[in-house]
Asker: 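First the structure, then my questions, so here it is.
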Amino acid sequence: MKSKLKQLLAPKFTRRDFVKSSSALGSLAAVAGSMSLPFKSNPALAASEPASPQSEEKVVWSACTVNCGSRCPLRMHVADGEIKWVETDNTGDDTYGSHQIRACLRGRSMRRRVYNPDRLKYPMKRVGKRGEGKFKRITWEEAYDDIANSLNRIRKEYGSEAIYLNYGTGTLGGTVTKSWPPGGTLIARLMNLTGGYLNHYGDYSTAQIAAGLNYTYGGWANNNSFSDLENTKLIVQFGNNPAETRMSGGGLIHHLMESKARSNARMIMIDPRYTDTAGGREDQWIPIRPGTDAALVAAIAHVLITENMVDQPFLDTYCVGYDAKTLPASAPANSDYKSYILGQGEDGIEKTPQWASPITGIPVDIIVKLAREIGQAKPCAIFQGWGLQRTANGELASRAIAMLALLTGNVGINGGGTGARESDYNIPFVRFPIPENPVKTAISMFLWTDAIIRGPEMTATRDGVRGKDKLDVPIKFIWNYAGNCLVNQHSDINRTHEILQDDKACEMIVVIDNHMTSSAKYADIVLPDLTTSEQADFCMDGKAANMPYFIYADKAIEPQFESKGIYEICTELAKRLGVEQAFTEGRDQEGWLRHLYQLTREKDPSLPDFETVRKQGIVKRRDPNGHYVAYKAFREDPLNNPLSTPSGKIEIYSERLAEIAKEWELPEGDVIHPLPIYASTAEGWDDPARSQFPLQLTGFHYKSRCHSTYGNVDILKEAARQEMWINPMDADSRGIKNGDLIRIFNDRGEVHINAKVTPRMMPGVVALGEGAWYAPDGKKVDHGGCINVLTTQRPSPLAKGNPQHTNLVEVQLVQKA
Ligand code: SF4
């Protein structure tokens with residue numbers, strides 16, 4: 001049976017079928033598109049090789065380490081030095097709790113990322129304008145010398161604050177290879193040994209929720225693990241979509257469904273798009289306009305308060321600022337949450353369901369029923385995903401959703417939750433040591449383009465500069481390792497293009513990656529990186545609810561073409577910068593893996609030894625406490641287990657935010673507020689600009705890619721096509737039918753893509769999966785379906801984060817299908 005399956009899954013192509021030339025990318029792309037052939041490092045040899053019997057197949061444990069939130073083991077079947085096919089975890093008896101961590105369709109197509117026609121083959125230097133994609137081949141020695149000389153010159157001329165590590169999460173799971181957080185990367189280690197660099201804070205996934213809920217709970221806000229849903233009565237999910245994001249078979253969607261089946265809890269999904277996580281498993285889908293979640297929460301709070309369903313003892317004991325009783329002395333009268341909801345606060349507006357209905361697009365009776373369900377279910381689990389906080393008022397929205405957990409006293413108990421995204425139990429792993437950065441300045445990860453063009457104008461109170469009152473110098477050197485945020489994943493691509501094309505502004509861009517991404521096209525020097533299949537690393541932080549694990553991702557094949565790994569690249573640069581010994585400490589990559597694992601085992605002697613882990617590939621654990629319950633200790637004994645907020649309690653009213661609101665300079669319309677209020681925003685549902693651009697455009701994480709990773713894999717593109725989702729009513733009024741070619745446009749740009757006409761999208765809102773590869777036609781029209789041609793660079797008020805789901809657009813028919 002197994003051999004039959006293997007036969008069916010094995011590739012049908014022989015070496016003779018492989019691409020015979022590696023010189024012309026265009027023809028290769030055409031070949032790949034039509035025949036889906038692997039792309040090999042030594043095609044001439046492959047073509048001339050006699051059709052000899054295959055050498056014995058070996059199975060090598062590897063991993064998918066991208067930034068989807070899961071980490072999946074891959075078992076590479078290798079023969080003749082080539083990955084023939086890919087399977088996934090085969091350990092465990094596959095009953096829930098001992099189940100296999102099965103990779104999704106993306107990880108299973110890893111072979112097509114490794115043998116992809118877009119693979120970077122050797123170091124290259126730009127010869128055309130940035131973004132044109134014109135390069136000449138250079139040697140590694142030339143590349144290292146160029147980079148080292150440039151670093152030395154820029155440091156001397158501008159100082160270390162001019163060197164920036166751009167956001168990149170292409171290899172998030174690795175120990176040696178990890179590309180984020182910037183301060184945890186090997187490039188940071190190298191930079192810190194030679195003078196430091198300008199750091200960034202925040203990330204494109206969670207900037208607003210991390211900033212917002214920090215003021216509520218103190219630090220990163222946790223929630224109960226999904227496995228704990230077996231103890232709940234009602235699940236309410238705001239914009240949470242693990243089925244399309246963290247879709248590993250051992251991952252969150254599996255835990256959600258299995259634990260829900262055990263509790264038989266109702267599940268209500270609140271989202272403008274009917275997601276695959278709903279997918280027939282939900283009991284109710286409530287479509288909501290993007291950017292209005294806080295208004296819905298306020299109206300639910302109104303019902304809870306006026307119908308006496310609030311957990312007053314919980315609010316009195318654990319929270320600050322629900323009503324006058326717990327309002328800090330510094331706060332003005334009637335500035336508590338209850339007064340805000342009942343219309344006794346500064347705006348004088350009662351937040352009734354009738355008030356919220358025209359804002360959210362949700363009928364009054366549905367709001368009232370939802371509120372009563374939340375108020376009566378004991379316990380009730382409130383979750384939010386990260387999409388809804390990626391908006392212009394995302395800090396307020398994320399804090400507002402937490403209010404439902406607080407008003408109903410569900411924090412710190414089994415079956416309850418905090419309103420944040422779900423958390424997991426983790427196996428601690430010792431990280432690569434990074435010396436302290438001598439440069440203390442940091443900017444929001446979203447404002448690096450601003451730091452290129454107006455760095456010295458950027459201040460702490462206007463632009464969120466941290467560590468100093470202002471930046472002294474603009475960014476002059478960018479490291480872009482395993483990331484596509486230089487172009488593809490950063491907002492307002494046409495603006496970014498203009499900024500990057502000026503090579504007198506940012507003078508040096510080094511991109512290290514596997515493929516010729518749109519970001520790599522803007523490099524001055526581009527270096528070909530190894531894939532996870534070509535080097536060994538630990539893939540740590542594998543976690544799913546109460547079942548954590550880590551993977552030893554071994555080297556399955558030899559490096560393709562002239563690719564080199566980040567450790568070797570940084571070591572060679574360290575040599576030229578005079579810090580080789582300090583950088584390597586006398587170890588090679590495997591030496592570091594052994595060393596870091598040894599340190600990890602010293603903290604946890606129950607872990608198997610290095611050789612055993614290498615052989616067995618994956619180490620799984622169970623949460624010894626059964627399920628993770630966030631803030632359990634605080635709930636049980638708040639005096640002895642205070643939170644890290646200034647009061648030690650949950651802060652509904654934040655004095656620190658009240659101070660920031662007074663001190664910071666904000667553009668017209670931006671709101672920072674001590675309470676989790678609803679605030680309308682630029683490009684929201686009520687912006688007058690809707691007369692010109694009447695549709696709200698939201699992004700979503702699409703199952704054919706992890707952000708932009710895997711975005712160039714042919715079979716994934718076919719399996720889940722890039723389309724813009726639009727409701728039949730909006731399509732009809734524009735003469736658009738399913739499959740028609742349309743143009744999506746606003747003042748920032750234009751995208752041409754096919755329409756998916758579906759009632760899974762609420763009227764007035766359209767959606768485009770993020771991460772599609774930008775494919776401009778030279779006339780500023782993108783034909784790849786890249787949402788960031790249309791998204792805004794205006795940052796959110798508090799986090800200075802990316803509001804990539806707050807956009808207004810219009811849509812028109814281009815061509816009938
Ligand atoms: S994309 Fe995520 S879920 Fe899919 S295989 Fe990779 S780590 Fe697993």
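Indexing begins at 1, ligand by ligand and atom by atom, following the structure's order. Please read all numbers here as calculations on a predicted model, not as lab measurements.
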Asker: Which protein heavy atom lies closest to atom 1 (S) of ligand 1, and at what distance to 0.1 Å?
Answerer: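 Nearest neighbour among protein heavy atoms for atom 1 (S) of ligand 1, to 0.1 Å: Arg106 NE, 3.1 Å.
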Asker: Got the closest protein heavy atom to atom 4 (Fe) of ligand 1, with its distance?
Answerer: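 For this ligand atom, the closest protein heavy atom is Cys104 SG, 2.3 Å.
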Asker: Suppose we measure from atom 8 (Fe) of ligand 1 to each protein heavy atom; which comes out shortest, and what is that distance?
Answerer: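 So the nearest neighbour among protein heavy atoms is Cys72 SG, 2.3 Å.
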Asker: Do the rings of Phe446 and His490 sit parallel, tilted or perpendicular, given the 30° and 60° boundaries?
Answerer: tilted
Asker: Between Lys615 and Glu611, does any side-chain N to carboxylate O distance fall below 4.0 Å?
Answerer: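 No, no charged N to carboxylate O under 4.0 Å.
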Asker: Under a 4.0 angstrom heavy-atom cut-off, which atoms of ligand 1 come close to Gly107?
Answerer: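 Numbered from 1, ligand 1 contributes 5 (S).
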Asker: Enumerate the atoms of ligand 1 whose separation from the nearest heavy atom of Ala103 is less than 4.0 angstrom.
Answerer: 5 (S)
Asker: Between Tyr597 and Phe538, is the ring centre distance below 6.0 Å?
Answerer: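 Yes: the rings meet the under 6.0 Å criterion.
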Asker: Tell me if the centroids of the rings in Phe226 and His254 come within less than 6.0 Å of each other.
Answerer: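 Not under 6.0 Å, so no.
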Asker: Under a 3.5 Å distance rule, please check whether Thr65 uses its side chain to pair with a backbone N or O of Leu172 as donor and acceptor.
Answerer: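 Such a contact is absent between Thr65 side chain and Leu172 backbone.
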Asker: Strictly under 2.8 Å, is any N, O or S atom of Cys64 next to atom 4 (Fe) of ligand 1?
Answerer: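 False for Cys64.
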Asker: Is it the side chain, the backbone, both or neither of Val66 that has a heavy atom closer than 4.0 Å to ligand 1?
Answerer: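 The answer is the side chain.
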Asker: Starting from atom 3 (S) of ligand 1, find the nearest protein heavy-atom neighbour and note its residue, name and distance.
Answerer: Ser248 N, 3.2 Å
Asker: Stepwise, does the side chain to side chain contact (heavy atoms under 4.5 Å, CB included) test hold for Asn241 with Phe700?
Answerer: CA-CA 9 Å; Asn241 183 22; Phe700 61 94; 5.6 Å; no
Asker: Describe, in one word, how the ring planes of Trp773 and His515 are oriented to each other, choosing from parallel (under 30°), tilted (30 to 60°) and perpendicular (over 60°).
Answerer: tilted
Asker: Would you check if atom 2 (Fe) of ligand 1 lies under 2.8 Å from any N, O or S atom of Cys68?
Answerer: yes
